[in-house]
Amino acid sequence: MTGLLAGAGVVAVPLTLLVAVAGQAVRPGALAAALLTHRVVPAPLIAPVAALAVLAEAAAGGGALAGLVTGNAALLRSGMALAAVLLAGYALYGAHVARTRGRVPCGCAGSSTPMTGWVAGRAAALAALAAAGALWGPAAGMSEAGRAVTVLAGVAFAVLLWALPQALTVPFDGERSTAR
């Protein structure tokens with residue numbers, strides 16, 4: 001079971017981080033604007049903190065993915081360890097902002113998803129997957145079928161964790177939603 005969880009983590013976490021980096025590239029000012037509304041980071045540090053966060057996501061996601069593709073266990077585990085620390089920090093930060101500032105935009109991947117406990121929970125779940133991947137990595141000697149299940153589980157985790165906070169903020173009026 002640990003092997004499946006760790007294997008799913010080494011797929012889900014880099015995928016999620018690299019999609020987040022792509023979202024920041026498409027909407028480059030969204031994270032800085034969100035940080036401004038959070039009122040946690042001093043204004044002069046907002047641009048550097050936003051840039052550093054995106055660079056850390058790219059380094060962790062890219063390093064883990066490169067390690068996974070090339071079979072370099074040290075690179076994979078170091079990328080996953082960086083991701084675990086980064087995502088744990090996001091979980092703590094997100095919980096603080098959700099508790100103190102209400103429904104301000106999270107800025108995650110350049111989106112305007114409101115900062116809620118679900119956003120913090122997503123970061124915590126990803127941090128746990130990243131830690132599992134850093135500690136155990138994908139199981140060695142796995143069959144092709146086992147690899148396929150692990151990759152599918154990783155993609156499923158990534159999609160579910162990505163969609164959950166947004167899905168839980170969309171109002172439902174019984175027939176149709178007007179939220180975008």
pair [X]-[Y]: side-chain heavy atoms closer than 4.5 Å:
{"X": "L17", "Y": "V21", "result": "no"}
{"X": "C108", "Y": "M115", "result": "no"}
{"X": "Y90", "Y": "E57", "result": "yes"}
{"X": "T37", "Y": "P105", "result": "yes"}

- Item | Over all atoms of both residues, closest heavy-atom pair of A83 and A60 |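 What the structure gives for the nearest pair is N-CB, 3.7 Å.
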- Nearest atoms (heavy-atom pairs only) where A98 meets G117: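 For A98 and G117, the tightest heavy-atom pair comes out as CB-N, 3.9 Å.
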Drop me the distance from [X]'s [atom1] to [Y]'s [atom2], to the nearest 0.5 angstrom.
{"X": "F157", "Y": "T16", "atom1": "CZ", "atom2": "OG1", "value": "11.0 Å"}
{"X": "M80", "Y": "L129", "atom1": "CE", "atom2": "CG", "value": "7.0 Å"}
{"X": "L75", "Y": "T70", "atom1": "CG", "atom2": "OG1", "value": "6.0 Å"}

- Message: Is there a side-chain contact (heavy atoms from CB on, under 4.5 Å) between Y93 and L35? Walk through the geometry before answering.
- Response: CA-CA 11 Å; Y93 179 86; L35 289 173; 3.4 Å; yes
Could you tell me whether the side chain of [X] and the main chain of [Y] form a donor-acceptor pair under 3.5 Å?
{"X": "S111", "Y": "G107", "answer": "no"}
{"X": "R77", "Y": "G133", "answer": "no"}
{"X": "H38", "Y": "G94", "answer": "no"}

- Task: Write out all pairs satisfying side chain to side chain donor-acceptor pair (under 3.5 Å) with one or both partners inside residues 19-36, taking only residues at least two apart or from two chains.
- Result: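 For residues 19-36, and leaving out neighbouring residues, there are no side chain to side chain donor-acceptor pair (under 3.5 Å) pairs at all.
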- Message: Before you tell me yes or no, could you show the steps for L87 and V13 under side-chain contact (heavy atoms from CB on, under 4.5 Å), namely the whole-Å CA-CA distance, both residues' side-chain angles and the distance that decides it to 0.1 Å?
- Response: CA-CA 10 Å; L87 291 161; V13 172; 4.0 Å; yes
- Message: Test of understanding: with side chain to side chain contact (heavy atoms under 4.5 Å, CB included), list the residues that count as partners of V159, not counting sequence neighbours.
- Response: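 In terms of side chain to side chain contact (heavy atoms under 4.5 Å, CB included), with neighbours along the sequence ignored, V159 is linked to V155.
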- Take T116 and V119 through the test side-chain contact (heavy atoms from CB on, under 4.5 Å) and record every step on the way to the result. CA-CA 5 Å; T116 65; V119 172; 4.0 Å; yes
- Task: Might you work through the side-chain contact (heavy atoms from CB on, under 4.5 Å) test for L31 and V54, ending with a clear yes or no?
- Result: CA-CA 9 Å; L31 180 57; V54 175; 4.1 Å; yes
